[in-house]
Amino acid sequence: MEKQQSDLERDRQYCELCGKMENLLKCGRCRSSFYCSKEHQKQHWKKHKLICKEADKGQLPKQTPPLGDDKEPDKCRDKKLSPEQTDSASSPRTTNTEAHGAGDRAGEDGSNDTATPNGQTSSSPQKLATECIVPCMNKHGICVVDNFLGAETGQGILDNVKALHKTGKFTDGQLVSQKSDSTKDIRGDKITWIEGREPGCEKIRFLMSRMDDLIRHCNGKLGNYTINGRTKAMVACYPGNGTGYVRHVDNPNGDGRCVTCIYYLNKDWSAKMGSLKRGRAKEEHGGLLRIFPEGKAQFADIEPRFDRLLLFWSDRRNPHEVQPAFATRYAITVWYFDAEERARAKEKYLTGAGEKGVKVELDKPSDPS
């Protein structure tokens with residue numbers, strides 16, 4: 001019991017400001033919050049002092065806190081859970097218990113403690129993680145959450161992304177195992193990598209912290225993985241001129257990535273593609289993410305809808321493609337690392353024992369979704 005409690009406590013330890021899970025320092029007052037550095041603790045103090053245990057006693061001075069850190073994850077608006085549906089070549093839309101790819105998704109209105117037809121409710125990131133994401137991922141390997149952050153927050157993130165796009169910092173997406181003139185024939189997106197501290201990326205950083213909240217609550221329950229880190233956020237744009245990404249696997253070479261987490265930012269998106277006439281598609285936008293779960297005859301089509309969060313296993317269990325997009329298509333992807341596989345990948349990279357011609361990118365994997 002003590003070991004289980006210790007493991008649970010360790011799962012909750014992360015920097016309140018940036019979400020880092022390693023080399024943490026504890027708040028000297030409340031001793032329940034953590035930070036990766038004194039600088040991050042100071043930056044977060046204005047918010048943290050409101051919940052620090054000593055603050056309740058009226059003993060907190062106005063200066064910055066002693067080194068350490070605590071974070072009570074912000075409570076997300078309660079989300080109604082409803083069955084997700086999936087499009088496939090050979091089966092009609094099905095409920096979550098039957099789907100071959102999409103799991104529970106949050107409801108449309110974001111109302112508090114509203115029962116679904118199944119009688120389910122969700123009132124926190126922890127509930128969303130344990131009642132929806134964990135069982136769905138373990139059963140199907142794919143999970144969809146709609147209305148993840150709400151329209152207002154989603155719009156703020158979209159504004160950050162559009163502003164980034166205008167700066168011209170987006171570059172052609174690259175491939176992990178190949179650098180050649182054929183890259184554009186394989187993927188047509190433009191990308192940039194975001195740490196979250198860059199000016200004008202405050203809303204993107206907030207999204208990353210909310211993703212981290214969910215994964216922390218899932219940690220130790222997703223397959224046999226122990227998640228101990230993640231990549232930067234990859235912000236991707238398909239320009240809308242029929243570009244896509246051919247069928248591929250995010251982590252084909254054991255680089256440590258175990259969960260792919262994608263947030264979509266496309267308002268009023270209609271993914272159904274009409275027939276092509278004079279080189280132009282009918283009004284529909286295309287751009288579906290089609291996943292081909294290993295060992296199953298059916299596939300799952302995921303529309304890149306605004307404020308939708310998608311999670312799936314990053315390895316060979318989920319080959320997938322981005323179908324041609326005929327409107328500007330934005331997405332933000334973060335990959336989470338399994339501790340053991342990541343350690344093996346680093347060792348392979350450092351010893352040069354890796355596959356010839358293939359280098360494991362340790363900081364920012366290059367296979368987007």
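Note that these values count all heavy atoms, side chains included, but never hydrogens, waters or copies made by symmetry. Source: prediction; values computed, not measured.
- Ring orientation note: the planes of Y330 and H165 are nearly perpendicular, at an angle over 60° on the 30°/60° scale.
- D250 and H320 share a side-chain donor-acceptor pair at under 3.5 Å.
- Take K169 and apply the side-chain hydrogen bond (donor to acceptor under 3.5 Å, both in side chains) test, not counting sequence neighbours, and it matches no residue.
- In this structure a side-chain-to-backbone donor-acceptor pair under 3.5 Å is missing from T192 to V235.
- Here the CD1-NE2 distance, from I291 to H140, works out to 12.5 Å after rounding to the nearest 0.5 Å.
- The side-chain heavy atoms of L311 and M137, taken from C-beta on, include a pair separated by under 4.5 Å.
- Between I215 and R230, the closest side-chain pair of non-hydrogen atoms is not below 4.5 Å.
- Counting only heavy atoms from C-beta outward, the side chains of R308 and V144 approach each other to under 4.5 Å.
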Candidate pair Y336 and D212, rule side chain to side chain contact (heavy atoms under 4.5 Å, CB included), full reasoning: CA-CA 9 Å; Y336 287 87; D212 291 347; 2.6 Å; yes

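- Annotation: salt bridge (Lys or Arg N to Asp or Glu O under 4.0 Å) contacts of E195 (sequence neighbours excluded): R197.
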Pair R329-W269, side chain to side chain contact (heavy atoms under 4.5 Å, CB included): steps then yes or no: CA-CA 9 Å; R329 179 190 187 275; W269 193 270; 3.7 Å; yes

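- Looking at heavy atoms from C-beta onward, D189 lies out of side-chain contact with T243 at the 4.5 angstrom threshold.
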Worked verdict on Q155 versus L158 for side chain to side chain contact (heavy atoms under 4.5 Å, CB included): CA-CA 5 Å; Q155 182 61 52; L158 179 57; 4.1 Å; yes

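- In this structure, L128 and L214 approach most closely via the heavy-atom pair CD2-CD2, 3.9 Å.
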Worked verdict on M234 versus W193 for side chain to side chain contact (heavy atoms under 4.5 Å, CB included): CA-CA 5 Å; M234 188 193 75; W193 293 92; 3.6 Å; yes

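- R257 places no side-chain N or O within 3.5 Å of a backbone atom of W335 that could act as its donor or acceptor partner.
- The minimum heavy-atom distance between R305 and Y264, with the atom names listed, is O-CB, 3.1 Å.
- Nearest approach of G287 to V322, heavy atoms of both residues: O-CG1, 4.3 Å.
- Of all heavy-atom pairs between Y238 and A325, the closest is CB-CB, 4.3 Å.
- The shortest side-chain heavy-atom distance between T231 and V334 falls under the 4.5 Å cut-off.
- Residues V134 and V259 share a single hydrophobic cluster, defined by chaining ILVMFWY side chains whose heavy atoms lie under 4.5 Å apart.
- The backbone N or O of G254 sits less than 3.5 Å from a side-chain atom of N251, completing a donor-acceptor pair.
- Looking at D307 and Y263, their side chains do bring a donor and an acceptor atom within 3.5 Å of each other.
- Shown here for V249 and S314, the closest heavy-atom pair between the two residues is CG1-O, 3.7 Å.
- Between I262 and F312 there is a side-chain heavy-atom pair separated by less than 4.5 Å.
- The shortest side-chain heavy-atom distance between K190 and D172 falls under the 4.5 Å cut-off.
- E321 pairs by the side-chain contact (heavy atoms from CB on, under 4.5 Å) definition with R247, R290, F292, Q323, not counting sequence neighbours.
- Taken to the nearest 0.5 Å, the CG atom of N266 stands 9.0 Å off from the OG1 atom of T328.
- Closest non-hydrogen pair, C261 versus L309, comes out as SG-CD1, 3.7 Å.
- Side-chain contact between L164 and I194 is present, with at least one heavy-atom pair separated by less than 4.5 Å.
- Taken to the nearest 0.5 Å, the CD atom of E131 stands 13.5 Å off from the SG atom of C136.
- Considering CG of L207 and CG of N160, their distance stands at 10.0 Å, rounded to 0.5 Å.
- No donor-acceptor pair under 3.5 Å is formed between the side chain of Q41 and the backbone N or O of E39.
- Taken from CZ in R316 to CG in N253, the straight-line distance is 6.5 Å, to the nearest 0.5 Å.
- For the pair R210 and D213, the salt-bridge criterion is met [side-chain N within less than 4.0 Å of a carboxylate O].
- Distance CD1/I227 to CG/L222: 5.5 Å, rounded to 0.5 Å.
- The only option from E340, E347, E341 that meets the side-chain hydrogen bond (donor to acceptor under 3.5 Å, both in side chains) definition with R344 turns out to be E340.
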